[in-house]
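All remarks here apply to the structure that follows.
All values reported here derive from a predicted model rather than from experimental measurement. In listed order, ligands and their atoms are each counted from 1.
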Amino acid sequence: MELLKQRIRQDGEVFGPDVLKVDRFLNHQLDIALLQEIGKEFARRFSDCGVNKILTIEASGIGIAAITAQYFHCPVLFAKKSQSKNIAGEVFSTKVQSFTHGKLYDVIVSKKFLSPADRVLILDDFLANGAALDGLIDLVQQSGATLTGAGIVIEKAFQPGGDRIRARGVRVESLARIAAMDPNSGVTFL
Ligand code: 5GP
């Protein structure tokens, strides 16, 4: 998606070998006009899938998912990063290793909101090692819902998550795929 790549070139900041900050438009301040174009592009790519629910993970996925859902006319469910245990068995739960903080945390969704009747599109801001996406896929599988695919805004394709999850047979559509990045030379796209 050319508009997104231009914006990453213009406003993205590379920290060290593998962290891209996009706080000016995606992860802190949100550019709603850009998010609308992102939403339309996801809707175009997954138009044939019968999506009736979008699943994301708090916090950064929520804005992307909420705007995209307007084009699918479906609800958004966001997985919560929880400290608490699955007390009465009322939640699906999985564990995710955080890319940005390194910590392992529990991620939950209520069983009320995911069922075998759902055709789920997973959305997230970044794909790196694939831990967040693995966790969301696990929640969908526990519920018996159908996974239609995953839409990612920025895939760091030099990290292993995208290839590994595609090899599992999951349709992963990324709007910008980064081949390499460096604080001095910036970002190169595939
Ligand atoms: P993964 O689980 O695929 O290793 O990492 C994906 C998650 O980590 C995303 O939900 C995102 O929040 C965060 N993340 C991974 N890489 C980056 C990055 O380069 N920049 C930012 N801002 N977040 C990232």
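In the vicinity of A132, heavy-atom distances shorter than 4.0 Å reach the ligand 1 atoms 2 (O). Close approach of ligand 1 to A131 is summarised as follows: ligand atoms under 4.0 Å from at least one heavy atom of the residue are 1 (P), 2 (O), 3 (O). Counting the atoms of ligand 1 from 1 in the order shown, those under 4.0 Å from a heavy atom of D124 are 9 (C), 10 (O). For ligand 1, the atoms closer than 4.0 angstrom to any heavy atom of V19 are 19 (O). Within ligand 1, the atoms closer than 4.0 Å to a non-hydrogen atom of D18 are 19 (O), numbered from 1 in the order shown.
Annotation: atom 4 (O) of ligand 1 to nearest protein heavy atom, N129 N, 2.8 Å. Protein heavy atom nearest atom 20 (N) of ligand 1, with residue, atom name and distance: L20 O, 2.7 Å. Here the heavy atom of the protein found nearest to atom 23 (N) of ligand 1 is F126 CD1, 3.5 Å. For atom 5 (O) of ligand 1, the closest non-hydrogen atom on the protein side is F99 CB, 3.5 Å.
Salt-bridge check for E155 with R166: passed, with a basic side-chain N closer than 4.0 Å to an acidic carboxylate O. Under a 4.0 Å N-O distance rule, the pair K80/D106 does not qualify as a salt bridge. In summary, R168 and D134 engage in a salt bridge, as defined by a charged side-chain N under 4.0 Å from a carboxylate O. Checked for salt-bridge contact, E90 and K111 miss the test: no charged N lies under 4.0 Å from a carboxylate O. Electrostatic pairing of K21 and E13 does not count as a salt bridge here, judged by no charged N lying under 4.0 Å from a carboxylate O. With respect to the salt-bridge test (charged N to carboxylate O, under 4.0 angstrom), the residues E2 and R9 qualify.
For the pair L127 and ligand 1, the shortest N or O to N or O distance does not fall below 3.5 Å. Between K21 and ligand 1, no pair of N/O atoms sits closer than 3.5 Å. For the pair M181 and ligand 1, the shortest N or O to N or O distance does not fall below 3.5 Å. For ligand 1, one of its N or O atoms has an N or O atom of N27 under 3.5 Å away.
Within the model, atoms CZ of F189 and CD of Q6 stand 10.0 Å from one another, a figure rounded to the nearest 0.5 Å. Atom CD1 of I154 and atom CG of D125 lie 7.5 Å apart (nearest 0.5 Å).
Of the possible polar contacts, none joining the D118 side chain to the V120 backbone as a donor-acceptor pair under 3.5 Å is found.
Distances from ligand 1 to the non-hydrogen atoms of D125 include at least one value under 4.0 Å. For S60, the closest heavy-atom approach to ligand 1 does not fall below 4.0 Å.
Residues L55 and L123 form no side-chain contact, since every pair of their non-hydrogen atoms from C-beta on lies 4.5 Å or further apart.
At a heavy-atom distance under 4.0 Å, only side-chain atoms of K156, from C-beta outward, approach ligand 1.
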